[in-house]
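As the structure lists them, so they are numbered: ligands from 1, and atoms in each ligand from 1.
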Amino acid sequence: DKHVEKNVENLQSCTQIVDAAALLRSGEVVAFPTETVYGLGANALSDESVEKIFLAKGRPSDNPLIVHIGERNQLPTVARHIPEKGNRLMEAFWPGPLTIILPKTDQVASLVTAGLDSVGVRMPDHKIALALLKEADVPIAAPSANRSGRPSPTTAAHVLADLDGRIAGVLDGGPTGVGVESTVIDVTVDPPIILRPGGVTREELEAVIGHVELDPSFEVGAVETPRAPGMKYTHYAPEGEMWLVTGEADKVRRQQADMLREAKRNGLRTGVLATEESADFWGGFAEADVVLSVGSTARLDEVAQQLYAALRQFDEEKVQYIVSETFSREGLGMAVMNRLEKAAGGRVLSV
Ligand code: TXA
Ligand code: MG
């Protein structure tokens with residue numbers, strides 16, 4: 001396949017922002033770092049370009065993409081109108097991990113928004129991303145640069161593990177800082193509603209614009225279908241079967257130990273997504289084959305940063321059954337718990 005061959009070549013040589021921007025302008029897809037996760041970019045004004053994102057990721061096209069801009073003056077190209085609270089959020093959080101849903105213009109490729117009348121826009125807080133976006137000089141649609149269903153990539157190596165040979169190139173900016181995706185907030189309604197928890201917390205948003213609603217699907221124990229179309233898919237999931245256990249600490253640990261013993265009896269390779277506080281205990285537990293710590297329960301920013309790499313590591317180590325610690329839902333904890341619940345695909349046990 002000629003197209004793929006050309007792409008593999010570009011992968012080697014595409015180390016410069018100028019090259020990457022030229023590829024984007026010529027209609028190719030290029031992966032780049034942001035402060036949250038690596039994105040897979042394409043010209044947001046061209047359906048032909050955006051289609052390549054869906055092809056590379058194997059992503060269903062009813063799931064809209066986020067449009068990235070490098071400068072505020074690109075906003076009128078993609079958004080018809082900015083509600084007042086939208087403006088205040090941009091002032092406070094851009095560049096940063098906040099995606100704002102706005103009424104879209106006709107220029108935005110219809111594949112970007114999956115036919116919706118609104119578009120999610122954000123300005124990432126990352127030197128390479130901003131330089132690329134300015135150089136490309138067109139708004140860039142970019143979902144996370146993983147194969148659909150896999151954990152989002154937080155390093156260029158993760159991107160290549162999923163997409164090598166399927167994209168025109170990747171800019172390597174090292175590991176990303178936030179580690180979970182941006183918060184998605186819809187300001188076309190009032191009060192605004194959080195459609196996806198992420199790098200900007202509910203508390204931080206409310207300090208700027210007052211009360212915000214939460215999509216009912218992230219309330220504890222919720223069963224509703226999420227309103228952000230992307231939230232309904234199995235996401236962020238490791239290949240192994242992952243379980244969350246909640247409840248009183250002693251009972252939780254006993255239950256987790258029982259589950260690991262049972263999994264071992266069934267011949268499975270087991271893992272624990274542990275914390276700094278629990279890693280020693282699990283490290284000494286014979287039935288846990290792979291123990292990965294994502295940091296201290298007191299440092300949710302570190303947990304967020306390390307979460308996806310840990311999920312991928314379980315796959316690399318061929319772990320088939322995972323029990324995970326759970327975290328407070330305060331601040332960044334809401335995003336961390338949301339991603340863990342997705343990764344567990346609803347396998348949550350209360351004891
Ligand atoms: O941090 C991030 O946001 C990363 C980096 C690369 O910027 N991008 C990212 O994009 O996570 P993606 O496509 O994987 O997630 C987009 C989310 C999905 O949940 C999607 O359903 C929602 O935003 N979304 C996008 N446009 C929307 C719209 N018009 N209305 C409602 N939800 C929308
Ligand atoms: Mg994604």
Visitor: Examine the proximity of ligand 1 to Arg122 and report which part, side chain or backbone, both or neither, has a heavy atom under 4.0 Å away.
Guide: side chain
Visitor: Of all the atoms in ligand 1, which lie at a distance below 4.0 Å from a heavy atom belonging to Gly39?
Guide: 6 (C)
Visitor: Hey, is Arg59 close enough to Glu51 for a salt bridge, meaning N to O under 4.0 Å?
Guide: no
Visitor: If you round to the nearest 0.5 Å, how far is CZ of Arg261 from CG of Asn266?
Guide: 14.0 Å
Visitor: Judged on heavy-atom distance to atom 25 (C) of ligand 1, which of Pro33, Gly198, Pro64, Gly120 sits nearest?
Guide: Pro64
Visitor: At under 4.0 Å between heavy atoms, is it the side chain or the backbone of Asn63 that contacts ligand 1, or both, or neither?
Guide: side chain
Visitor: Run the contact test for His126 against ligand 1 with a 4.0 Å cut-off on heavy atoms, strictly below, and give the result.
Guide: no
Visitor: Should Glu71 and Lys134 count as an ion pair when the cut-off is N to O under 4.0 Å?
Guide: no
Visitor: Hey, which atoms in ligand 1 end up nearer than 4.0 Å to a heavy atom of Leu116?
Guide: 28 (C), 29 (N), 30 (N)
Visitor: Which one holds for Ala142 and ligand 1: side chain close, backbone close, both close, or neither close, with close meaning a heavy atom under 4.0 Å?
Guide: backbone
Visitor: Charged N to carboxylate O under 4.0 angstrom, Glu276 versus Arg299?
Guide: no
Visitor: Can you list the atoms of ligand 1 that are under 4.0 Å from a heavy atom of Leu195?
Guide: 31 (C), 32 (N)
Visitor: Considering only heavy atoms, does Thr113 approach ligand 1 within less than 4.0 Å through its side chain, its backbone, both, or neither?
Guide: neither
Visitor: Go through ligand 1 atom by atom and flag the ones less than 4.0 Å from a non-hydrogen atom of Val184.
Guide: 23 (O)
Visitor: Nearest non-hydrogen contact with atom 17 (C) of ligand 1 belongs to which option: His68, Arg196, Met123?
Guide: Arg196
Visitor: Can a non-hydrogen atom of Ser144 be found less than 4.0 Å from any atom of ligand 1?
Guide: yes
Visitor: Look at Arg312 together with Asp162 and state whether they make a salt bridge at an N to O cut-off of under 4.0 Å.
Guide: yes
Visitor: Do the charged groups of Arg80 and Asp117 touch, with an N to O distance under 4.0 Å?
Guide: yes
Visitor: Would you say the side chains of Ser182 and Thr99 form a donor-acceptor pair under 3.5 Å?
Guide: yes
Visitor: Evaluate Arg339 against Glu181 for salt bridge (Lys or Arg N to Asp or Glu O under 4.0 Å), listing each step before the verdict.
Guide: CA-CA 10 Å; Arg339 303 312 191 268; Glu181 295 85 345; 3.0 Å; yes
Visitor: Output yes if Ser144 passes the N/O/S-under-2.8 Å test against the Mg ion (ligand 2); output no otherwise.
Guide: yes
Visitor: Between Arg88 and Glu91, does any NZ, NE, NH1 or NH2 come within less than 4.0 Å of an OD or OE carboxylate oxygen?
Guide: no
Visitor: Mind checking whether Ser182 has an N or O less than 3.5 Å away from an N or O of ligand 1?
Guide: yes
